[in-house]
> 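Structure incoming, see below.
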2 protein chains.
Amino acid sequence: MVGIEEVAAAAGVSTATVSRAIRGLPRVSPKTRAKILATAKELGYVPSSAASRLATGKTRTIGVLAPYVDRWFFGKAIAGVDQELHGRGYNLSLFNLGGRTAPRERLFSRSMVHKQIDALLLLCMFLHPEEIDDLHAIDIPLVVVGGPVPGCPNVGIDDYLAARSITEHLIDLGHRHIALLHGQDDSDLNFSVPKIRVEGFHDAVHAAGLELHPDASLFGNFTVQSGVEAMRRFMDLPEPRPTAVVCASDEMALGVLFEAARQGVRVPQDLSVVGIDGHEMGECAGLTTVWQDPTAQARRGTQMLMGELGGDSGAVRSELAEQRLIVRETTAPPRVA
Amino acid sequence: MVGIEEVAAAAGVSTATVSRAIRGLPRVSPKTRAKILATAKELGYVPSSAASRLATGKTRTIGVLAPYVDRWFFGKAIAGVDQELHGRGYNLSLFNLGGRTAPRERLFSRSMVHKQIDALLLLCMFLHPEEIDDLHAIDIPLVVVGGPVPGCPNVGIDDYLAARSITEHLIDLGHRHIALLHGQDDSDLNFSVPKIRVEGFHDAVHAAGLELHPDASLFGNFTVQSGVEAMRRFMDLPEPRPTAVVCASDEMALGVLFEAARQGVRVPQDLSVVGIDGHEMGECAGLTTVWQDPTAQARRGTQMLMGELGGDSGAVRSELAEQRLIVRETTAPPRVA
DNA sequence: ATGAAAGCGCTAACAG
DNA sequence: CTGTTAGCGCTTTCAT
């Protein structure tokens, strides 16, 4: 394993100069730099990141804490972080909570995260107050992408507005009896996003002077499968059934769509269905939704972190992300009774 | 930032003893160990991973190289690696190629990967021969999960068998005119999996004495959207059209299903559709497929790497993963003409 | 069972 | 522009 010393010797300079040359710092004559770079390449020299970390105190690694990696929002977001990081020579360290709940012994706030990363990007999840404190105590730049976490700057859409506008779209179409497929996560992770979306829905309904049928409330856990199951329960409701259902996520809406097809319920003639998220598959299914771009959000969050690390304190701040109502083929006026 | 020295001082022992105690090494009296652990916790001591890495040469980090993170197979696999890693105190460093092709200046084989990780898990992707050489030159345990990479041990399903058996299922049902939706990736990443699946299809067709209609060959890039587009082209084919279509992935099959519904083509009465993968959404859609479990595969691969790092040389070896034909609702005998 | 001390490989003043 | 020289914080013989 060739080290900086050997390069220095071979190039006939000191290790300090090699260090400067390799890292592109000033105070090295073009000529010397060229020579050093050449010998370094020749010798196949690669700096030891461990040594460099120890000496500088910087890890050039940013951590991403996510509850899941195999779900739409999170996968897209992680991709965004990565896009922003590579090229800047930063590494991405992934900490997945895997929906774990009890057994997450606050580990991430101590050994996991501590001293291993320069900054942390949290993908929307609920944290206990103590956990938030831990995070702040670590004193590294922190930003959350996706859902609001009390006391932390975040970039994401206005979930209340999203839910409200998609519901109003239905109301404008003439729907008066609307069901809601809540997205309550399995775990007690207790995202705040689901709750906020439900509020937007409720407010839209009430503002329109409509009432909420008690049994027009279905529950899912954000997965497609739970959408399928919810649709089955929907079909068990006594007639007259709601003429539309707003789903707290596109994934659940897709499940509803699949089961509707299986049961012979025509969409949108018999039932209007809407989601929230802008999942690619929703586009293929013609799903009306409120679109958002998790990748862009994560990139933005990452840029803020990089800015902060670059000395621009104040670079990290809450910011609203782009969202847009997209009307496609799953919504139509209700059939006249 | 409290270091080992302060803990040693506070506990009235040497740093060497603290080091042993903290890491659970022998040669420390239970009593001293207890005391050290106590003061360490009290002081909020967290070892500097950088210093430890430098001293030991081990990073306790394994790298995952993936072409995408926001696609089904990859997301599932990354989750699997993570599950296996945490708890063992290992970190996961994600290197995403983001479908990049030319601009991937072999970077990953040098600075990126080098000296930053103890082992590498490759998620099925094509690599140029030189890149493979680079990888091996680094001399750290390596395993690929998903698709065969020449010269590297891998865990994954038998893609040839998968494609062949799903095709034979159709033939057994009585189909004689079968279309294939190839999965050719956009990039020139040139996965080998697509090719292998195509071979399985071809062989099954030929073995049954059937002929391949030249225009029964559609192309997609593994995305749902490409499945939608392929289905549109399918509808443009002159009659009589194939009575079944085998898709190289469930995601494309789903796209076909969506578009079929839109065009009023009934599945499976008018057209049988099959995929490969076992995507959850396929289950919801009733898609007949060959199921596989990327998470389990990645866990297995990770276990091998850990074994190798644990001194069990030979722990990493090629291994076939579980797969299973699952017949659901998208396949049926062809309509009698 | 415990301590002393020599590194691990690089960076960062400070000189020159 | 370049070299000298302390560390960075932990691990690891080798003594004791």
Side-chain angles (χ1 to χ4, degrees), chain A residues 1-40 43-61 89 91 110-111 114-118 309 311, chain B residues 1-40 43-61 89 91 110-111 114-118 138 309:
Chain A
M1 211 97 298
V2 30
I4 198 174
E5 209 128 352
E6 308 173 47
V7 178
V13 296
S14 71
T15 62
T17 306
V18 174
S19 181
R20 294 191 197 100
I22 299 270
R23 290 183 299 158
L25 296 184
R27 294 161 158 265
V28 180
S29 77
K31 192 176 158 188
T32 332
R33 185 188 305 276
K35 178 169 189 181
I36 293 176
L37 258 26
T39 52
L43 268 44
Y45 169 67
V46 179
S48 151
S49 64
S52 166
R53 288 178 184 207
L54 181 55
T56 61
K58 271 82 180 61
T59 63
R60 293 194 75 79
T61 294
N91 282 145
R110 286 243 158 290
S111 11
H114 210 34
K115 294 182 177 172
Q116 307 245 79
I117 58 180
D118 293 339
L309 290 177
Chain B
M1 209 98 299
V2 31
I4 198 174
E5 208 128 354
E6 307 174 48
V7 177
V13 296
S14 72
T15 62
T17 305
V18 173
S19 180
R20 294 191 198 99
I22 299 269
R23 291 181 300 157
L25 296 184
R27 294 163 157 266
V28 179
S29 76
K31 193 176 157 186
T32 341
R33 185 188 304 277
K35 178 169 187 180
I36 293 175
L37 258 27
T39 50
L43 269 44
Y45 169 66
V46 179
S48 151
S49 64
S52 165
R53 289 178 183 206
L54 181 54
T56 63
K58 270 83 181 59
T59 63
R60 292 194 75 79
T61 294
N91 282 145
R110 286 243 158 288
S111 12
H114 210 34
K115 292 183 178 173
Q116 307 245 79
I117 59 181
D118 293 338
I138 293 179
L309 290 177

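Not measured: the values here are computed from a predicted model. All chains are named by letter (A, B, ...) in the order of the sequence lines, taking the proteins before the strands, and each is independently numbered beginning at 1.
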> Please give me every residue in residues 27-35 of chain B whose heavy atoms get under 4.0 Å of an atom in DNA chain D, ordered by residue number.
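Contacts with DNA chain D under 4.0 Å: none.
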
> Suppose we screen for side-chain hydrogen bond (donor to acceptor under 3.5 Å, both in side chains). Which residues come up paired with A/T32, at least two apart in sequence or across chains?
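A/T32 satisfies side-chain hydrogen bond (donor to acceptor under 3.5 Å, both in side chains) with A/S29 once adjacent residues are dropped.
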
> Taking only residues two or more places apart in sequence or in another chain, which ones pass side chain to side chain contact (heavy atoms under 4.5 Å, CB included) with A/L37?
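With neighbours one apart ignored, the set is A/I22, A/R33.
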
> Please name all residues satisfying side chain to side chain contact (heavy atoms under 4.5 Å, CB included) with A/A55, sequence neighbours left out, ordered by chain then number.
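So A/A55 forms no side chain to side chain contact (heavy atoms under 4.5 Å, CB included) with any residue.
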
> Looking at residues at least two apart in the chain, or sitting in another chain, which of them share a side-chain hydrogen bond (donor to acceptor under 3.5 Å, both in side chains) with A/T39?
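Testing A/T39 for side-chain hydrogen bond (donor to acceptor under 3.5 Å, both in side chains), a comparison that skips the adjacent residues, returns none.
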
> Listed by chain and number, what are the side chain to side chain contact (heavy atoms under 4.5 Å, CB included) partners of A/A10, not counting sequence neighbours?
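Once residues adjacent in sequence are excluded, the partners of A/A10 under the side chain to side chain contact (heavy atoms under 4.5 Å, CB included) criterion are A/L43.
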
> Once each nucleotide of nucleotides 8-13 of chain D is scored for protein heavy atoms under 4.0 Å, what B/S/- sequence comes out, 5' to 3'?
BBBBB-

> Less than 4.5 Å apart, any side-chain heavy atom of B/I4 and any of B/S19?
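Of all side-chain heavy-atom pairs linking B/S19 with B/I4, at least one is under 4.5 Å.
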
> For the pair A/D118 (side chain) and A/K58 (backbone), establish whether a donor and an acceptor sit closer than 3.5 Å, ignoring hydrogens and angles.
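A pair under 3.5 Å: no.
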
> Could you check whether B/V13 gets within reach of a base, just the sugar-phosphate, or nothing at all, counting any heavy atom under 4.0 Å?
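Sugar-phosphate, backbone atoms only, no base.
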
> For the helix from C/dA1-D/dT16 to C/dG16-D/dC1, what angle lies between the axis at the first five pairs and the axis at the last five pairs, to 10 degrees?
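The end-segment axes of the helix from C/dA1-D/dT16 to C/dG16-D/dC1 are tilted 30° relative to each other.
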
> Taking only residues two or more places apart in sequence, or in another chain, which ones meet A/T61 in a side-chain hydrogen bond (donor to acceptor under 3.5 Å, both in side chains)?
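Partners of A/T61 under the side-chain hydrogen bond (donor to acceptor under 3.5 Å, both in side chains) test: A/R53.
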
> Is the backbone N or O of A/S52 less than 3.5 Å from a side-chain atom of A/T56, with the two atoms forming a donor-acceptor pair by type?
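Yes; at least one donor-acceptor contact below 3.5 Å.
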
> Check for a donor-acceptor pair, side chain of B/K115 on one end and backbone N or O of A/V46 on the other, with a separation under 3.5 Å.
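Checked: pair present.
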
> I'd like to check the side chain to side chain contact (heavy atoms under 4.5 Å, CB included) partners of B/R60; sequence neighbours left out, ordered by chain and number.
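Partners of B/R60 by the side chain to side chain contact (heavy atoms under 4.5 Å, CB included) criterion, ordered by chain and then number, come out as B/Y90.
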
> First and last nucleotide of DNA chain C touching chain B, 5' to 3', heavy-atom cut-off 4.0 Å?
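Contacts span C/dA1 to C/dG9, reading 5' to 3'.
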
> What pairs with A/S49 under side-chain hydrogen bond (donor to acceptor under 3.5 Å, both in side chains), at least two apart in sequence or on another chain?
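Partners of A/S49 by the side-chain hydrogen bond (donor to acceptor under 3.5 Å, both in side chains) criterion, ordered by chain and then number, come out as B/Q116.
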
